[in-house]
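Since we're looking at a predicted model, the values are computed, not measured.
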Amino acid sequence: MDYLKGLNERQREAVLHGEGPLLILAGAGSGKTRVLTYRIAHLIEERGIFPGNILAITFTNKAANEMKERIGRLLDGDVDNLWMGTFHSVCVRILRRDIDKIGYERGFSIYDRDDQVTLIKECINEMNLDRDYYRESSVLGTISHLKDKLIAPDTYINENYSNLYARNLGKLYALYQKKLKQYNALDFDDLIIKTVELFRSAPEVIDYYQRKFQYIFVDEFQDTNKSQYELIRALTGKYKNICVVGDPDQSIYGWRGADITNILNFEKDFKDTTTILLEQNYRSTKNILNVANHIIKNNMERKDKELWTDNEEGNQVIVEKLLDDKVEAEFVANKIEELVDEGYSLNDMAILYRTNAQSRSFEDALRRRNINYKLVGGVKFYDRKEIKDIVAYLRLIQNPSDDISLKRIINVPRRGIGKSTLEKIEKMAQEKDESMYSVLMEISHIKGISTRAKNSISAFVEMMSNLMAMSEIMSIDDFINHVVHKIGYMEELEKEGTIEAQSRLENIKEFISVAVDFVVDNPEGSLEDFLSSISLLSDVDKTEDIENSVTMLTVHSAKGLEFPVVFLVGMEEGLFPIARALEKDSDLEEERRLCYVAVTRAEELLYITYTQMRTIYGRTSYSQPSRFIEEIPEELIDSSTVHRRKVDLRSPFINVVDYTRDEGLKPKDTASTKVDGGDMDVGTKVSHKKWGQGTVVQMKDKGNDKEIVIAFDTVGLKRLLLSLAPIEIIK
DNA sequence: GCCCTCTTGTTCGAT
DNA sequence: ACAAGAGGGC
């Protein structure tokens with residue numbers, strides 16, 4: 001095969017490896033995607049393996065599609081039968097076929113985070129527990145961790161019997177699972193563990209898949225949890241042709257149960273494993289790689305390893321100190337414009353941050369300059385109320401046991417089925433051990449409900465049963481269009497006539513066009529398939545491809561991606577590393593790995609920025625540069641001081657951008673010049689340590705402090721905090 | 001049942 | 001800073 005020529009020796013060895021377990025420890029940018037695609041292509045073309053006998057698990061659906069496409073191009077052949085997708089999508093595919101063998105129905109609903117919260121609230125209320133003490137998020141967190149580790153509710157209850165709080169958590173977990181089953185619903189964790197359960201309890205099923213999947217691949221193996229590991233173990237029971245690719249230094253999902261020992265102990269669990277190290281980096285300049293190496297080597301819990309590259313030296317990394325988040329965003333936006341002038345495309349650039357909340361100031365700055373951007377994780381299209389409502393209708397149609405969906409939409413739009421009626425029905429359903437929908441179907445025989453409500457309910461049931469019948473015969477896109485009209489949702493919004501209603505209408509139309517696309521791509525796909533596909537999309541998958549645009553995303557989402565120019569922003573103690581990670585060494589090391597991931601996304605240019613003050617939850621506080629910056633040797637940093645000011649006339653108050661690397665504005669520097677707010681008002685003349693004379697033009701209360709805007713004679717408008725500003729009143 | 005005000009949590013990361 | 005939820009008044 002020609003393409004072997006382009007590979008280095010290690011890569012070639014991995015591609016050509018025959019049978020038996022294969023562990024590829026692939027450093028960042030070492031060409032692992034290439035190895036994976038070539039190896040799969042090689043298996044099909046040279047070893048005559050049928051694509052349907054290969055399973056490859058990737059981290060996002062996008063990665064799966066891209067890889068599939070590449071393999072298709074290499075082979076110039078049909079790869080449709082190749083099983084490729086995320087753990088979750090592969091499991092759904094398996095479960096849709098055989099979940100009835102473990103007591104669920106095949107039309108099961110998939111519950112997202114919101115549904116989980118609704119459900120756990122139900123459980124907490126039912127057990128009469130204090131919601132201040134048993135917080136939804138932390139209860140769900142505990143449940144999720146137990147599930148990741150395949151610990152059943154009973155086991156947990158027994159192990160913690162003497163601890164009331166833990167025992168109650170266990171009972172909540174048990175009740176939560178019971179309800180999921182009643183509603184014929186699975187949460188994300190269930191998708192994995194129910195597949196494992198299916199394999200354990202139905203030998204013919206596991207036997208089928210063990211025979212089918214002669215070769216199995218798992219990418220990003222360092223981020224698998226125990227249940228995913230067990231799934232893989234079960235599937236490889238027969239052939240042991242398991243190839244995993246990972247990098248312990250890029251393990252960043254410990255908080256959701258990823259177990260790094262999966263990769264560290266792989267050789268013990270799978271006998272006769274061949275291990276291949278890929279340490280040559282093809283992605284980044286020497287300087288960038290050096291920075292990454294210097295940061296990661298501070299981790300103690302780590303096998304020594306150092307990536308190297310033949311790429312050129314490249315520019316030094318630029319580290320910029322900026323006043324606050326607005327100035328930081330202005331700096332990045334300016335830089336982007338400069339780089340475009342130098343010939344870079346917007347597609348080449350990405351802004352990486354630790355938390356999603358940081359995106360806002362960058363959005364503002366880019367929008368002001370008409371720079372296109374795409375925000376990964378920001379488009380909450382599927383989280384919009386109207387979309388969730390329509391999805392709830394569709395779910396109920398496909399799965400009438402789904403009480404959560406039923407309760408969401410039974411009175412949306414309003415049909416006069418109120419809270420008290422619903423409570424009665426819910427109670428009735430519980431007593432009869434039936435779904436609420438089946439109670440609704442027998443509503444005429446039920447006492448204690450007004451005729452009026454009964455009529456509304458009968459109309460609702462009739463409408464739904466018509467829709468259920470139609471769902472069998474219509475195409476998905478036509479059907480959804482039919483549903484949104486029949487249920488009166490469109491009508492309701494049209495009547496409303498507000499701008500908000502208008503945008504909801506447009507979103508629904510957009511949703512229908514998503515369905516049209518789905519039908520085009522999956523002519524054989526069912527409604528269930530459509531619903532699962534939308535609930536399993538990752539943020540990266542969901543991001544609209546906007547031509548010629550800067551990408552903005554969290555470091556977590558950036559895993560597996562690369563960009564010629566990376567802006568790593570908000571590099572401050574307490575933000576990156578995040579405050580909550582400072583207490584535990586292991587958490588701090590995960591932050592450091594995350595930083596390593598961030599740095600290694602960059603190919604040519606890396607900008608690292610941090611601010612001197614940052615506002616979180618509306619409170620401004622002083623920040624210190626991240627320890628990870630301190631870990632970079634001086635000689636790798638471009639230390640040329642930039643002194644520039646630009647005035648943006650379009651925006652009166654945030655217009656003055658100051659890029660100076662001054663050391664001022666620290667609390668201790670300013671203590672001696674602190675001004676008492678009482679003496680100051682609009683019109684007061686002041687003198688600033690650095691900016692000279694100016695006049696106060698605006699004053700605003702800010703907690704215990706005051707925010708003042710001063711028009712300086714030389715530098716224009718500045719926003720300052722009274723308690724901190726190094727200013728004096730001129731009498 | 002609905003509207004208003006006040007309080008509270010949120011944002012660490014995500015399938 | 002802001003949204004969602006609680007609680008009170010109509």
In whole Å, what is the span from the [atom1] atom of [X] to the [atom2] atom of [N]?
X: A:Ile124; N: C:dG5; atom1: CD1; atom2: P; result: 14 Å
X: A:Arg131; N: C:dA4; atom1: CZ; atom2: P; result: 15 Å
X: A:Lys62; N: B:dA14; atom1: NZ; atom2: P; result: 16 Å
X: A:Glu220; N: B:dA14; atom1: CD; atom2: C1'; result: 14 Å

Quick check for you: to the nearest 0.5 Å, what is the distance between A:Asp219 atom CG and A:Thr86 atom OG1?
12.0 Å
When the nearest nucleotide of DNA chain B is assigned to A:Asp189 and to A:Arg354 on a heavy-atom basis, which residue is associated with the more 5' position?
A:Arg354
Using a cut-off of strictly less than 4.0 Å, decide whether A:Thr615 has a side-chain nitrogen or oxygen near OP1 or OP2 of C:dA1.
no
If the cut-off is 4.0 Å, is A:Thr554 near the phosphate of B:dA14, judged by side-chain N/O to OP1 or OP2?
yes
Look only at the side chain of A:Thr58 and the backbone of A:Thr60, and say whether a donor-acceptor pair between them is shorter than 3.5 Å.
yes
Should A:Trp255 be counted as stacked on B:dG13, where stacking needs a ring-centre gap under 5.5 Å and an angle between planes under 30 degrees?
yes
Contact residues, residues 135-145 of chain A to DNA chain B [heavy atom, < 4.0 Å]:
A:Arg135
Candidate nucleotides B:dT10, B:dG13, B:dA14, ranked by approach to the side chain of A:Tyr617 - the nearest
B:dT10
